Amino acid sequence: MVKLHKKRKMSKAANKIISDTKQSGSRKDCRTKRRAAEAAVQGTNDSSVLSKASMAALGYFPDNFVQYFAGKACRRAPLINRGYYVRSKAVDTVIRSFLAITEDKSLRQVLSLGAGFDSTYFRLKAEGLLNGVTMFEVDFPAVVRRKVKLVASSVELSCCLSSALPNDLSLTQRFVCLQTMDYKLLGMDLCQLQDLEKLLSELGLDFSLPTLVLSECVLTYVAADSSSQLIAWTARVFPNAVFCLYEQIQPGDAFGAIMEAHFVQLGSPLRTLHHFPSKEAQRMRFLEQGWQRAECMDMNQFYLNLPFDERQRVDRLEPFDEYEEWHLKCLHYFILVASKGDLCQEEILPIPTALQYSENGCRFAAQILRPCSVRGEACPSLGHASCCLAPGLVLTLGGFGVHANRHGRLTVVRLLKRDECKAGWEALVVEVNTIGRSWGGSMFPSLTPVRRGEALLFGGRHAPGRPREAVYHVSLEPGSSLVPQVTLKELMLSGPKPEPRWRHAAVMINLWGLQFLIIHGGKCSTETVLDDCHFLNISSFSWTKMSVRGPKPQGRHSHTASVWGACMVIAGGLGADDLPLACVHCMSASQSYGSAELGEVTWSRLLLKPPLLPRYSHTAHVLGSRLVLIGGVGIHTPSLPPVATICLRSGNTFEFTLDTGTFVKPPMLHGHDSVLDDRDRSRIMILGGGGNCFSFGTHFNPHAMLLELTHLNDV
C-alpha cells in the first residue's frame, strides 16, 4: 500500500511537471502566434508606404517626405495609385478641417494610432500648419524604432524636427523611441489602454486640449472587443475631440470576399469587418461607445464630392481604364468622423453631394445562377467579347485572362461547342487565320453576329490610350479534325470612319431592308466618353451618314445596346461625371423617302417606373418585350441587384435577387459577357468576368455560368 501511495504521489508530481511544460509551451505558442500576427500587420505598413510614395511621385497627392520612408522607388498600377490618393486626400481633408476650426486655440493635439511610416507631421510642418500643435504617434515598438532610424538618417526629415534627437531616452525607456517639442513617438501595443494613457500623459499629452485622433486601417486588425474598448477610451478621456477612422466595409459581396481573403492570406485578417459591416453599423458603433456625433461616407461619395477640376486633374495623370475595380474599391472603404464636446457643432467632413436615385423597392424571387458544365480549357477572362455564331457554337475573343498558365491580354480565339452526346459544352482554342493587319488581341471590343457563321469585330484597345483601328470580318471555316478554323479578315471600309474606341456598344439591325452595324458611345484616346452614333452599311461596307432626330443620349461607355424589332435599345453606362446611368433610350427608324434615299432615325427616352438603379459594365438581352440586364457595377447602393428587367412597352422595371447557393464564392458579374441559349431563351450563358481588385490581385470567375430566368412571367 505504501509503495502504491508513493507511486501515486510521484504520478501527480510528474503530471504537474508535464502540465506546466504544456502550459509553458502553450504560452510560447501564443507568443509566437501573436508576434507573427504583429509582423503581418506591420507588413501592411511597408506595402502601404510604397504605394503612397508611388502616387506622390506621380503627382496625385503632394508629399515630398513619404519617399524617405519608402526606401526605394516603386511604381504601382494606376488603380492602386488612385486608391491611395483618395485615402490620403480624405484623411488630409479631415486633418486640415480640424486645424482650421481650432485655429483660435493656442494649443492643439493630433494623436495618430498605428501611424506606421506616415509622413503627415513632416508634410504639415513644412507647410507651417503645426503652430501650437503637438503630434503623437503610437505603433508597435519595432515599427517605431525603424521609423526613428529613418528619421535620424535623413537630413530632410530630421531638419523638420523642432529640436535635436534626444540622446537620453530615460523617460519610460522601454516604450518611448522619440520625443521632441512637438513630435513624439511611442512604441507599444494599442490594446494596453492603462499603460497607453499613463505613458501618453508622461509624454506631455494634455487630455483637456482639442484633439484629433487618427486611425487609418488600424483598428480593423484588432479584435472587435479590444477596438471598441479603445474607441470608448478615447471618448472617455478626451472631452473635446474628433476621431477620424478609415477602414473597410461590405464583406458580403464578391469584391468584399476577395478583399477579406487577401488579408487572411497575408496573416492580418480584418477582425472587425463582419462585426461592423456597413457605414451605419460603424456610425452606431461610435455613438454607442460614447461619441456624441458620427458622420460617415464611402470613398465614392467622398471622391465625387471633390471639385470637378480636381477629378479631371487626377484623370490626366496617367492612362486609366479600371473603372469597375475603382468604384468597387471605393464602395468598400469609408471614412468616418466622430466628435464630442465643443467640436460637435463643426462640420469636419464635407456634406456629400446627393446621389440622385430612387431605391427600387421591387425584390422578386431569386433567379437561379449555377455553374455551366464545360470541358476543356475555359480561359477565364474579363473585358472580352462573345457571340453565338451558329446553333451550339459560341465564339469568344479578346480580353485579359489566363491561358497556358500565363496572365495577359488574350490573343487566342476560343470556341464553346455544345456536346451533343453529353450534357454541357466543350471549350476549344481554335486556329486563327488573319488576313490583313495582325489582330494581336484587344480588350473591350465588340463582336456582333452578321449571319450564320459570321460576325464583325470592332474596336477594343491594346492598353489605355491605344485603341484598335481595324475592323475585322470574323468567319468560321471547316478546318481540320472536326475543329473549325476562324478567319479574321481586315475590312477596307469607305466613308467617314468613327474615332477608334473601346467600351462602346454595337448591334446589327435591319433598316429599310439593309443591314447596318450601329456603333454607339464608348471612350477613345482623347475623350472620356463619346456620345456619337455611326452606321456601317454591311452590303457596301461603307460608313453612312444618317439624319438623327430627338434628344440625343448623354455620352457614356460600358453600356449595352440590344435589338428590339427595328429599334436599338441602349441601357445604363458610365457618364462623363463618373456616375453610373440608369436611363434607357430607344432609336427607331422612320420610313424611307424613296428607293435611293434612306430615312431618318429618332431617339426617344423610355420613362421607367420605378426608376432603375444606375449601373454599368453589365450585359443585356431582349426577351419578347422585356430588356433583361445582368450584373454590372453601381455606386448608389451597397449592393446592386444582379438582375433587372424593363418592359419596353410600359417602362415597368423589376429587380431580382440571385440564388448562388451552388458557388463556394460569390461570382463577379462585371467584365463578363453573356449569350442567349439558342435552344431555350429563358437561359443565358455568362462567360468570364472579374477584375484586378485593387491591390488584392486579379480574380476571375473560374467557369462559365448559366442563368435560369424562371420567374419573369410572375411579374
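Sequence positions, counted from 1, serve as the residue numbers for this chain. Atom set for the values below is all heavy atoms of this structure, side chains included, hydrogens, waters and symmetry mates excluded. The structure displayed is predicted, hence computed values, not measured ones.
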query: Looking at side-chain heavy atoms only, is the closest gap between Met705 and Met685 below 4.5 Å?
result: no
message: What I'd like to find out is whether the side chain of Arg409 reaches to under 4.5 Å of the side chain of Arg461, using heavy atoms alone.
response: no
task: Would you mind checking if Asp532 and Arg501 are paired as a salt bridge, meaning a charged N to carboxylate O distance below 4.0 Å?
output: yes
- prompt: Any idea how His559 and His520 line up, ring-wise: parallel (<30°), tilted (30 to 60°), or perpendicular (>60°)?
  reply: perpendicular
- prompt: Any luck finding a side-chain donor-acceptor pair between His332 and Asp253 under 3.5 Å?
  reply: yes
statement: When rounded to the nearest 0.5 Å, the distance separating OG of Ser540 from CD of Gln515 is 12.0 Å
query: Do Thr645 and Thr653 come within less than 4.5 Å of each other through their side chains, counting heavy atoms only?
result: no
field: Under 3.5 Å side-chain donor-acceptor pair for Ser674 and His621
entry: yes
Derivation of the side-chain hydrogen bond (donor to acceptor under 3.5 Å, both in side chains) call for Trp502 and Asp321: CA-CA 10 Å; Trp502 65 97; Asp321 197 33; 3.1 Å; yes
query: Can we call the ring centroids of Phe694 and Trp326 under 6.0 Å apart?
result: no
query: Side chains of Ser446 and His504: donor-acceptor distance under 3.5 Å anywhere?
result: yes
query: Taking atom types as modelled, is there a side-chain donor on Tyr333 or Gln250 under 3.5 Å from an acceptor on the other?
result: no
- prompt: Is there side-chain contact between Ile538 and Phe516, with heavy atoms separated by less than 4.5 Å?
  reply: no
task: Among His557, Arg503, Glu324, His327, find the one that has a side chain to side chain donor-acceptor pair (under 3.5 Å) with Ser617.
output: Glu324
task: Return yes if a side-chain donor-acceptor contact under 3.5 Å exists between Asn701 and His703, otherwise no.
output: no
message: Keeping Arg414 on the side-chain end and Gly398 on the backbone end, is there a donor-acceptor pair under 3.5 Å?
response: yes
query: Can you find a heavy atom in the side chain of Ile519 that is under 4.5 Å from one in the side chain of Phe535?
result: no
query: With a cut-off of under 6.0 Å to the ring centre and 45° to the axis, is Arg82 in cation-pi contact with Phe320?
result: yes
- prompt: Are His672 and Thr619 linked by a side-chain donor-acceptor pair shorter than 3.5 Å?
  reply: yes
task: Would you check if there is a donor-acceptor pair between the side chains of Asn692 and Glu322 at a distance under 3.5 Å?
output: yes
query: Looking just at side-chain N and O atoms, do Glu600 and Thr602 make a donor-acceptor pair shorter than 3.5 Å?
result: no
message: Less than 3.5 Å apart, any donor N or O on the side chain of Ser54 or Asn81 sitting next to an acceptor on the other?
response: yes
query: For Lys523 and Tyr323, does a side-chain donor sit closer than 3.5 Å to a side-chain acceptor?
result: yes
Over 12 non-hydrogen atoms of neighbours within 6.0 angstrom of NZ in Lys609: yes
Lys/Arg N to Asp/Glu carboxylate O, Asp531 vs Arg556, below 4.0 Å: no
message: Between Ser381 and Gly688 (side chain of the first, backbone of the second, donor and acceptor by atom type, cut-off under 3.5 Å), is there such a pair?
response: no
